Amino acid sequence: MKPLAKNLDLLQLEKQILQYWKKKVIYNQIKSKEKGKDVWRFIDGPPYTTGSIHLGTAWNKILKDYLIRYKRMRGFKVTDTPGYDTHGLPIEVQMEKELGIQNKQEIYEYGVDKFIQNCKEFAQKNLKIMNKQFKRLGCSFWDWDNPYITFKNSYIEGIWWTLKKAWERGLLYQFYRPLNCCPRCATALAKHEQEYKNVIDTSLFLKIKAKDMENTYFIIWTTTPWTLVANTAIMVNPMEKYAKVYIKDLDEYWILSRNAVTVFISGQLDYKYQVGDILYGEELEGQRYIHPLIEEVPYQKELSKQSEKAHSIILSDKYVSAEEGVGLVHTAPGHGPEDFEVGIENNLPIFNPVSIRGIYKDEAGQFEGQFVFDANEHILKILEEKGTLIVTSEIEHEYAHCWRCDSKLVYRATRQWFFKTESLVPKLLEKNEEIYWVPDWAGERWFKSWLTTLKDWCISRQRFWGIPLSVWICDNEDCNDITVIGSGVELKEIAGECPEDLHRPWIDAVMWQCKNCNKGTKRRIKDILDVWLDSGSVMWAAQEVYDGHNHYDSWIPADFIMEGKDQIRGWFNSLLCSAMVSSDRKNYNSCYMHGWVLRNNEKMSKSKGNFFEPEDLINGTLEDLKKNKSYSRIKGIETFRYYSLGATQPGRDLNFNVKEYADTFRTINTIWNVYLYANQKFRLSDFKPSKHAYDINALNKTDLWLLSKLNSTINTITILADEYKLPWITEALHDFIVNDISRWYILLIREKIDVYSEDPSKFQVMALLYKVLFDVLLLLAPINPMISEHIYLYMFKSHLDAFNLEEKDSIHLLDWPDVNRDLIAEDLEKQMEFSKELIEVARSLKNQNHIRLRWPNKKLIIESTEKLPELEFTETIKQLVNVKALEIVDSFTPDNNFVSIESKYGKVFLDLRVDDEILSERIVNDLIRNIQYSRKKNQFNVGEEISLDICVNADFLKQYVEQQKELISDKVSAKDLNIGVPEIKENENIVSERLNICPNPKCCASLKANIIKKLDTGKDVQCPYCSMSLSKNNIKTISFGFERAS
RNA sequence: GGGGGCAUAACUCAGCUAGGUAGAGUAUCAGUCCGAUAAACUGACUGUCAGAAGUUCGACUCUUCUUGCCCCUACCA
């Protein structure tokens, strides 16, 4: 058994272990061990290849790593392929920045092929960096050399398979409808790619002139003046009441909802008015109005020819409420989903004069070429000049922004491809019920609520770096036949060719003569796919790396996935939708949702300056760590691993707090201390694990208690891990190691396993402790794989025969400990709890009466009540309270010799009487303690022999010391011991000290330095233990001096 | 607008599913113990369990409402 280092240096330890794992190729050994075992199918949600991981990503991988290691120890073959998400806007935007490109057109000019190549290289470069970062977290035994990567051809084909399946099942379609588009990125975005932020906009009230009513105006309100260009109707609610109001100040009539009259006209505008006719909305239907921008947008005249309902009042009880605004709603079917819906119902033209870049097209008349948000002000001015504008005000509201570039989004009608997910909602909800969620409310509330409001999933994007839609359409307008391709092989069969790289622009070049009409050419639509479909299809698209084949049809659902709460609308959503759309079944059975990592309850972000990376923890460069001297020692990742596993409940955010983090290090240090302590004792006594076994039948109750606790703990943690209740695992482990082993069991067996101990059960106890520490180390292994490996290598590796196990190079090649239910004795555990409480009470009693714990007392008496259980651990109680006898009596009447304290179980009495034996032990224990302290202070090794002289200036003291001569020699390893020397010699080799003793022969307490100091000042001083008056002259002394024995 | 989460000691958080005298760690103070390191232990201290109402013999726990912080969602015309 090799000696453990006294000081725990995690940084160095971690480096060594990572090196060791590499050198011994432990990962390969794990893979061989796993062969043929049952599979636990874990699927890694792919992080995006942005180039560096933040603390949240680290946390995510660490939690996953715990379960991977745990499941392996439980005998499973674990799918450990990590993944990377590589496509999509984030990288495109990054590339554009690097290349100094401003917009989409410039990408064409730069060359799409080169652009794609750049994106790919960028992703690959980042992937390597991230691989390294993840491995440094101790997540070593994943298949880092073969991650699934979404830009690979086999992966792309997997997505094509999804498209084809959805097409065959009638769940893929194209449609023209308003969608939020990012003007900068020039693409449509799906629901999950929009982020709502507060913005301040100008809202305006307009009066729109009625065509067939004299001097009458319709009042509308809007926050988006730019959509007025495409206005084709005004909606009213047929069931609500509207008023025709005479405005005296202007001498004209306004029509608005009756509710709004007072608030708006007199409240906001302060006009005098008179309410005229009250009519229901339906009575207004068909009333025509003059479009407010009819001169500026001549195309509007065309529209009114196209549809008789254009520029008239239409009805909607669904989307118009008289409670809000003025009860009349400006309607632009090309710029809003509701407007669109009502527009279609009323056969209105869907007018969209805005390009995908947010710029007005020629149909917008004099606004052509203007960016819509810039046009707002222009339009406002025109309306003002025309006298159409009534009033403007600022309004703060939430508005959708691009998830990547933060641009304000533009609602515009566009032709896109969709999955019919809305129609699947009932089925999706049904499947969700079958998923085991941790926490349960992630599924029962959050995901359910998300699914309930699901719309059709827009999967097409007008960009470059992504998976091309495998949709080819015949360019003959009479035919327009559509072919959806499901694989590279199929493409080759049909088109006769298949590019080596399936990305744009190469795929765009593939075309063939249409076999439907034999006239046109089948050309691919230029779109690429929503990047969320990439990861959503991982179950089959990554089969090549997971299972070594590409039979997409036979995909296997994941047993377990785990991601952050943002994936409710992200991956959890895209996974389930992809699976249901393509295969009508669900693709994950259990799902753990964790929160985000916060710093002081705020989201970590670079702009806020509260951002840090895992490396800052590893290297100890985090400001808060450097600032505090005692924290500066905390380095490495193991503390964070332990901390982050238990720091918060499932689904909740992890609020990183330096103090808590440092406390965790204390726990780890205590764990280390336990092993260090055992390691020292084992080595000093030459304990041989394979030679010294314990006999279960010879164990005493304390030992059996420990075994019971051990098995209870294994049982608890096993259940927690199996149910993915991760945060409670460290709590259970901490309780056992710190409370039960470190603070209690070791305290109880200290004497037995000390070097000088001749206790017959010494090695038996050591063997038991060794076994318990081994099992505990196994429980710790998935949490702190590096610390536990280190301890394993130093203390256990060469001695596994003691447990009938073969020697293995790594603790991570061993199995999870079994629970031995026969050893769980609940009554024993309860008894120990009770004894602990009793000991605490009795110790507190001694404390109150100034009796040092190392001073024995004659007797402890417990006055029994009904609540008092039968005492099992009487010896333990006597030992830890340091009393010679323990009595339980039905009733007791104390005299002056007793002090008492109330406890839960009855009154406790302590006998204060002293005799020679008690006094002798009192003095000698104090003496020994002082000699030991001096030895330690002067760097004497444990067991190193000394020559000891003791000089006493009172006969009664000398006698007491003499009585315990042997004990003294034993405890302090004195080869020669002379008691009663006339004086202590002085030279540089001799260590000497003096104890000052209370002169009261019934007290004999050794007095602390501060008492003597007080005496020197001439004050009246009393012995704090017996209250006798002290003076410089009456103090007795015991002096000792020792040197290394020759 | 809709939905959800959180609110417990000076700090960080358990406890709430199944209602029965409020817990842990840290911090502070006092002390103890120790050949386990910057180790360990004990005691003391601090709580209107955010507020209000209800159900109940009894509410931190269940119900409703209010307040504050946070998150998700939505077309706010």
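Bear in mind that the values here come from a model prediction, so they are computed numbers and not experimental data. Residue numbers start from 1 in every chain, and the chains themselves are labelled A, B, ... in the order their sequence lines are given, proteins ahead of strands.
A straight line from CZ of A:Phe447 to P of B:rC72 spans 16 Å, rounded to a whole angstrom. Regarding A:Asp735, its CG atom lies at a distance of 12 Å from the P atom of B:rA24, rounded to whole Å. Atom pair A:Asn739:CG and B:rG25:P shows a separation of 7 Å (rounding to whole Å applied). For the pair A:Ile746 CD1 and B:rA40 C1', the computed distance is 10 Å after rounding to whole Å. For the pair A:Tyr642 OH and B:rG25 C1', the interatomic distance rounds to 11 Å; values are reported in whole Å. Whole-Å rounding puts the A:Leu598 CG to B:rC13 C1' distance at 14 Å. When the P atom of B:rA24 is taken as reference, atom CD of A:Glu833 falls 12 Å away, rounded to whole Å. As rounded to whole Å, 11 Å separates atom C1' of B:rG25 from atom CD of A:Glu731.
Base-pair partner of B:rG54: B:rC62 (Watson-Crick or G-U wobble, both distances under 3.5 Å). B:rG68 is paired with B:rC6 under the criterion used here, namely a Watson-Crick or G-U wobble arrangement in which both key atom distances are under 3.5 Å. Using N1 to N3 plus N6-O4 or O6-N4 for Watson-Crick, or N1-O2 and O6-N3 for G-U wobble, each under 3.5 Å, B:rA14 pairs with nothing. Figure legend. B:rG1 is base-paired to B:rU73; pairs are counted as Watson-Crick or G-U wobble with both atom distances under 3.5 Å. When both pairing distances are held under 3.5 Å, B:rU32 makes a Watson-Crick or G-U pair with B:rA40. Checking B:rU46 for Watson-Crick or G-U wobble geometry (two distances, each under 3.5 Å) identifies no partner in any strand.
Along RNA chain B, the nucleotide nearest A:Thr227 and the nucleotide nearest A:Ala5 are compared for position; the residue whose nucleotide lies closer to the 5' end is A:Ala5. If A:Trp450 and A:Arg750 are placed on RNA chain B by their nearest nucleotide, the residue sitting closer to the 5' end is A:Arg750.
Nucleic acid contact class of A:Val755 (heavy atoms, under 4.0 Å, all strands): none. Counting non-hydrogen atoms under 4.0 angstrom, A:Trp596 reaches the backbone sugars and phosphates but no base. Looking at heavy-atom distances under 4.0 Å, A:Leu676 makes contact with a base. Among the protein residues, A:Lys846 comes within range of no part of the nucleic acid, since none of its heavy atoms lies under 4.0 Å from any strand. Residue A:Arg652 is classed as a sugar-phosphate contact, given heavy-atom separations below 4.0 Å to backbone atoms only. Among the heavy atoms of the strands lying under 4.0 Å from A:Ser742 is at least one base atom, whether or not backbone atoms are also near. Within 4.0 Å (heavy atoms only), A:Tyr933 reaches no atom of the nucleic acid at all.
Nearest to the side-chain atoms of A:Asn669 among the listed nucleotides B:rA38, B:rC34, B:rG4 stands B:rA38. Looking at the side chain of A:Leu853, the nearest of the listed nucleotides B:rA14, B:rG3, B:rC33 is B:rC33.
For A:Trp441 and A:Trp446, the gap between ring centers is short of 6.0 Å. The aromatic ring centres of A:Tyr399 and A:Tyr196 sit 6.0 Å or more apart. Ring centroid separation for the pair A:Tyr724 and A:Trp437 does not come in under the 6.0 Å cut-off.
Taking a 4.0 Å limit (strictly below) on heavy-atom distances, residues 655-666 of chain A reaches RNA chain B at A:Asn655, A:Asn657, A:Lys659, A:Glu660, A:Asp663, A:Arg666.
In this model, the phosphate group of B:rU73 is not approached by any side-chain N or O of A:Gln194 to a distance below 4.0 Å at OP1 or OP2. The shortest distance between the side-chain N/O atoms of A:Arg843 and the OP1/OP2 oxygens of B:rU42 is not below 4.0 Å. Phosphate contact (OP1/OP2 of B:rC34, side-chain N/O of A:Gln932, threshold under 4.0 Å): absent. One finds a side-chain N or O of A:Arg569 lying less than 4.0 angstrom from the OP1 or OP2 phosphate oxygen of B:rU73. Residue A:Thr670 places at least one side-chain N or O closer than 4.0 Å to OP1 or OP2 of B:rA40. The phosphate of B:rG31 has neither OP1 nor OP2 within less than 4.0 Å of any side-chain N or O from A:Arg852. A close approach under 4.0 Å does occur between a side-chain nitrogen or oxygen of A:Lys681 and OP1 or OP2 of B:rA36.
A:Asn573 contributes no side-chain N or O that, together with a main-chain N or O of A:Ile568, makes up a donor-acceptor pair within less than 3.5 Å. Judged by distance alone, the side chain of A:Asp653 and the main-chain N or O of A:Trp596 form a donor-acceptor pair under 3.5 Å.
Rounded to whole Å, the P atom of B:rG58 lies 15 Å from the corresponding atom of B:rU21.
For the 3.5 Å distance criterion, the side chains of A:Tyr289 and A:Asn231 qualify, holding a donor opposite an acceptor. Judged by distance alone, the side chains of A:Asn930 and A:Glu993 never bring a donor and an acceptor atom under 3.5 Å apart.
Between A:Glu751 and A:Lys971, at least one side-chain N (NZ, or NE/NH1/NH2) sits under 4.0 Å from a carboxylate O, which counts as a salt bridge.
Judged by the 6.0 Å and 45° rule, A:Arg1044 forms a cation-pi pair with A:Phe940.
Around the NZ atom of A:Lys448, the shell of radius 6.0 Å holds no more than 12 heavy atoms that belong to other residues, nucleotides or ligands.
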